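Worksheet: one structure, shown below.
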Amino acid sequence: MELRDLTKAMSECNQEDTLKLVSGFAGQGIQVNAILDSLTLGLKLLGEKFSAGEAFIPELVFAGEIFNEATKILDPYIPKGQESQVRKKGKVVIATVKGDLHDIGKNLVGTFLSLGGYEVIDLGVDVPNEKLIDVVRKEKPKVIGLSSLLTTTMLGQRQFMAMLKESGLREHVKVIVGGAPVTPAWAEEIGADAYGADAVDGKNKIDAMLR
Ligand code: B1M
């Protein structure tokens, strides 16, 4: 069995094969990142089928559930820093922006941050910017991470940056943005401090910002 079989099983929403393959590869010592990349590619292919009218919303929902179950299988195999025991690296707030219900990528970012030694406050999906500002004020996180999977909801990230400035909190918190349609150019354009290409990159960028 090869990783491309996993991509195929994921793209076909084949729960049994996907979970069996994930367990098998993890047990064989295949790197967690490689397994996650194959699963993510499977979801991407399913998204393309959806765009072409060959897959439908219930399949996307089911695929999300399969992905989350697969992540649980992988949890014990993700290398953990010693600091993960004490959460000494600081507080990071993560959320998916208002109007956006996609949370698979955000959850993955949260998992890697948690295992990397951060205290993660996950506000969930469809989070209004007013709530984010409120949480920055109350919780004083070192970093806030905003995920956006729709081209329309990306605009919420820009609006958040403006609100952060207006509220006088800009200097108190670093901002990282991510999600499939988000690019480094977009992060720069809206004045965010960093862009996360994937969960590992997101954690590494946060490490670098706080160094
Ligand atoms: Co939606 N959806 N969806 N969907 N969905 C996309 C995003 C889409 C590209 C599919 C397509 O048409 N090809 C398309 C968006 C088009 C666009 O705007 N350009 C789309 C659409 C149109 C929609 C609806 C509008 C469909 C409809 O109702 N007509 C609707 C919108 C609902 C809403 O949000 N208001 C919708 C709904 C859904 C479901 C709910 C059914 C389901 C989500 C389930 C869930 O999340 N629990 C779903 C899914 C599963 C997808 C696809 C197939 C997969 C997304 C995913 O989870 N990818 C997706 C296709 C695609 O992405 N190509 C699609 C895997 C995940 C690991 O990757 O989220 O990119 P990703 O996260 C990565 C990186 O981006 C990065 O790290 C993560 C881990 O590596 N990252 C960060 C993400 N956030 C980060 C934050 C950081 C740092 C890195 O710092 C904070």
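Just so you know, ligand 1 is whichever comes first in the structure, and atom 1 is the first atom listed for that ligand. Values in this document were obtained by computation on a predicted structure and should not be read as measured data.
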Verify [atom]: protein non-hydrogen atom under 4.0 angstrom away:
| atom | answer |
| --- | --- |
| atom 59 (C) of ligand 1 | no |
| atom 41 (C) of ligand 1 | yes |
| atom 24 (C) of ligand 1 | no |
| atom 9 (C) of ligand 1 | no |

Proximal candidate to [atom] [heavy atom criterion; set [options]]:
| atom | options | value |
| --- | --- | --- |
| atom 90 (O) of ligand 1 | Ile176, Leu45, Val93, Val200 | Ile176 |
| atom 81 (N) of ligand 1 | Gly179, Ser51, Ala199 | Gly179 |
| atom 74 (C) of ligand 1 | Gly178, Ala192, Ala197, Gly42 | Ala197 |
| atom 89 (C) of ligand 1 | Gly196, Gly145, Pro181 | Gly196 |
| atom 78 (C) of ligand 1 | Ala55, Ser147, Gly105, Ser11 | Gly105 |

Taking 4.0 angstrom as the limit and counting only heavy atoms of [X], give me the atoms of ligand 1 inside it, by number and element.
| X | value |
| --- | --- |
| Leu108 | 79 (C) |
| Ile104 | 45 (C), 46 (O), 47 (N), 57 (O) |
| Gly99 | 33 (C), 34 (O), 35 (N) |

Inset, instruction - Please list, chain by chain and in numerical order, all residues satisfying salt bridge (charged side-chain N to carboxylate O under 4.0 Å, His left out) with Glu139, sequence neighbours excluded. - result: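 With neighbours one apart ignored, the set is Lys91.
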Legend entry - With sequence neighbours excluded, residues passing salt bridge (charged side-chain N to carboxylate O under 4.0 Å, His left out) with Glu166: none
Protein contact to [atom] [nearest heavy atom, distance to 0.1 Å]:
| atom | value |
| --- | --- |
| atom 27 (C) of ligand 1 | Ile57 CD1, 3.6 Å |
| atom 61 (C) of ligand 1 | Lys44 CA, 4.5 Å |
| atom 77 (O) of ligand 1 | Asp198 CA, 3.2 Å |
| atom 70 (O) of ligand 1 | Ala180 N, 3.5 Å |

Inset, instruction - Would you check if there is a donor-acceptor pair between the side chains of Gln15 and Glu69 at a distance under 3.5 Å? - result: yes
Inset, instruction - For Gln31, check side chain to side chain donor-acceptor pair (under 3.5 Å) against everything at least two apart and list the hits. - result: none
Legend entry - Proximity to ligand 1 by part of Asp103, non-hydrogen separation under 4.0 Å: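 Contact part for Asp103 vs ligand 1: both backbone and side chain.
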Legend entry - Side chain, backbone, both or neither: the part of Leu146 lying under 4.0 Å from ligand 1 by heavy atom: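 Only the backbone of Leu146 comes within reach of ligand 1.
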Inset, instruction - Spell out the protein N/O/S atoms under 2.8 Å from atom 1 (Co) of ligand 1 as residue plus atom name. - result: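 Near atom 1 (Co) of ligand 1, the protein supplies His102 NE2.
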Is ligand 1 less than 4.0 angstrom away from at least one heavy atom of [X]?
| X | result |
| --- | --- |
| Val61 | yes |
| Gly64 | no |
| Ser148 | no |

Inset, instruction - Under the salt bridge (charged side-chain N to carboxylate O under 4.0 Å, His left out) rule, what do Lys8 and Asp17 come out as? Steps first, then yes or no, please. - result: CA-CA 10 Å; Lys8 184 167 182 285; Asp17 282 4; over 6 Å; no
Inset, instruction - State which residue, out of Asp122, Asp126, Asp100, fulfils the salt bridge (Lys or Arg N to Asp or Glu O under 4.0 Å) condition with Lys106. - result: Asp122
